[in-house]
Amino acid sequence: MLNQSLQQKLLQKLSPQQIQMIKLLEIPTFELEERIKKELEENPTLEEGKEDDNEDAELPDNSEEEESDMDSENSDEFSVEDYMDEGELPDYKLEINNYSKDEDKKRDIPFSVADSFSTYLESQLGLRVLTEHQMFLAKYLIGNIDEDGYLRRGLEAVADDIAFSVNVTTNEKELLEVLDVIQDLDPAGVGARSLQECLLLQIGRKNQDLPEVKMATTILKQNFDDFTRKHYDKIIEKLGVSEAELKAAVNVILKLNPKPGGSFYDQQVKTSENVIPDFILENNDGDLQLSLNSRNVPELRISRTYKNMLQSYSKSKSRTKTDKEAMTFVKQKIDSAKWFIDALQQRENTLMLTMNAIIEYQKEYFLEGDETKLRPMILKDIADITGLDISTISRVANSKYIQTHFGIFPLKYFFSEGIQTDSGEEVSTREIKKILKECLAAENKQKPVTDDQLSEILKKKGYQIARRTVAKYREQLNIPVARLRKEL
């Protein structure tokens, strides 16, 4: 049974201007340039250049006249959707379906800027004498090799997969013969099914007449588990070699590549990302001067042509339907351009306000660049200083960088938790990590310092930190446990 009732709700929604401001605040400088270019392309009333002094005259207020002339069409009333960016529209509103049944839908044609790892391996197969059946199996196996260069599937499972998917009969022995051909390709170690096999494939291409290479091969074949656990004493005892001989063999193994496919991707696919700082901080004899990096960000203004067009439409007494539609379009685009310019200005003010607060909070650090001078600082500390919301501070700190006289750093670098010393002083966890790095750098590599010993060292310095916390900080520094840091 249907019941009618009245209900009153209090809802809070973001306006289009606020949504636009949030999006602009999150993006770094290099993305801002692209965003401005996109807006210039989509909004004809927006153009590059400074606003002239004689262009400060207000646009005509013709709202009352428009209401009388266009009331029947409600063309002067704009909904939120009129100002929303196209990227926020549902996909179904942007999809084109006006294709006939006999016509293929438009497809984006992908292109590659470099050969893939699989293509690189397949190109080498052309130099090998293989039957058509073996060539098919080789290409299928290459398709199962991952980015690191390993074949992580069992040959029996691959044989079953080939039989079910392409109806080609093969067996594990036949696949093994083809795999031997693949493992002979470059880079050395490709097609291995384990780390041990990968290292053996690489060392097999070295001169086995050298004593250290011969010893390294024996270690990988017979004492691989002891080697991975760094039980060097057991290896010396089992093989009856001296410590110097073992050290020479270990040095040979350490020069091998555990991920042969990774080197290909590093050279062919992965590109180094250039960091463009959003802020530039200069230290002029103790005077810190902050500026926003806006070298490639153009100044924007509203086109005078469209302003004059809107004024002429408003003064015109005889308006056709086309004139009204043109006037509506121009007014909407000019409003959108105003919002965008205001949002850019507000973005700049928010960024400078937040960064100045961070610099003032960490002034000692920015003057000297000494990591130990970093004070514990969380988002709430800066939010309290600036009067902004924590979410706003988080958006500013996200993907932003600052260039200082001692390097370029992400803003997130300056935020850290704090702990109290025995004297009651609060210090940053970065200071603890720096002490840990110094202790581990100065340790005896034959007898590395354990986490318990590191905890005792910190306690002597006045930092009451448990062993599990030391282990957490050590892992954050990407430093392995003491057993794996042991050297001969």
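The structure presented is a predicted model; accordingly, all values stated were derived computationally and were not measured. Count residues from 1 along the sequence.
- By the side chain to side chain contact (heavy atoms under 4.5 Å, CB included) test, K380 pairs with I378, D384, I390, sequence neighbours left out.
- When the side chain to side chain contact (heavy atoms under 4.5 Å, CB included) test is applied to N284, the partners found at least two apart in sequence or on another chain are E282, Q289.
- The closest donor-acceptor contact from the side chain of D148 to the backbone of G261 lies at 3.5 Å or more, if one exists at all.
- Interatomic distance, CD1 of I334 versus OG of S303, reported as 8.0 Å (0.5 Å rounding).
- Counting only residues at least two apart or in different chains, salt bridge (Lys or Arg N to Asp or Glu O under 4.0 Å) contacts with residues 349-359 are absent.
- Defined by atom type and a distance below 3.5 Å, a donor-acceptor pair is missing between the side-chain atoms of N293 and T29.
- Residues that satisfy the side chain to side chain contact (heavy atoms under 4.5 Å, CB included) test with E368, not counting sequence neighbours, are D370, K373.
- The closest donor-acceptor contact from the side chain of T45 to the backbone of K333 lies under 3.5 Å.
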Quick one: do D381 and R375 satisfy salt bridge (charged side-chain N to carboxylate O under 4.0 Å, His left out)? Show the steps, please. CA-CA 11 Å; D381 295 330; R375 297 172 55 191; over 6 Å; no
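- Counting heavy-atom neighbours within 6.0 Å of K230 NZ, excluding the residue itself, gives a total above 12.
- Taking a cutoff of 4.0 Å between a charged side-chain nitrogen and a carboxylate oxygen, E39 and R35 qualify as a salt bridge.
- Under a 3.5 Å cut-off, the side chain of Q453 and the backbone N or O of T450 do form a donor-acceptor pair.
- A donor-acceptor contact closer than 3.5 angstrom links the side chains of Y140 and D161.
- For the atom pair CD1 (I382) and CD (E360), the distance works out to 10.0 Å, reported to the nearest 0.5 Å.
- Below 30°, between 30° and 60°, or above 60°: for F414 and F366 the angle between ring planes is between 30° and 60°, a tilted geometry.
- To the nearest 0.5 angstrom, Q124 atom CD is 4.5 Å from L185 atom CG.
- Within the structure, salt bridge (Lys or Arg N to Asp or Glu O under 4.0 Å) pairs that include any residue of residues 385-402 comprise E26-R395 (at least two apart or interchain).
- A donor-acceptor distance shorter than 3.5 angstrom exists from the side chain of R347 to the backbone of L24, with no hydrogens or angles considered.
- Checking Q345 against N349 by side-chain atom types alone, a donor-acceptor pair falls below 3.5 Å.
- Here the CG-CG distance, from D287 to L367, works out to 9.5 Å after rounding to the nearest 0.5 Å.
- Under a 3.5 Å cut-off, the side chain of T354 and the backbone N or O of L351 do not form any donor-acceptor pair.
- Not counting sequence neighbours, the partners of L290 by the side chain to side chain contact (heavy atoms under 4.5 Å, CB included) test are F279, L281, M352, M355, N356, I359, I402.
- By the 4.0 Å N-to-carboxylate-O rule, R468 lies too far from D451 to be salt-bridged with it.
- Remark: K331 engages D335 in a salt bridge, criterion side-chain N to carboxylate O under 4.0 Å.
- In this structure, T404 OG1 and Y365 OH are separated by 6.5 Å, a value rounded to the nearest 0.5 Å.
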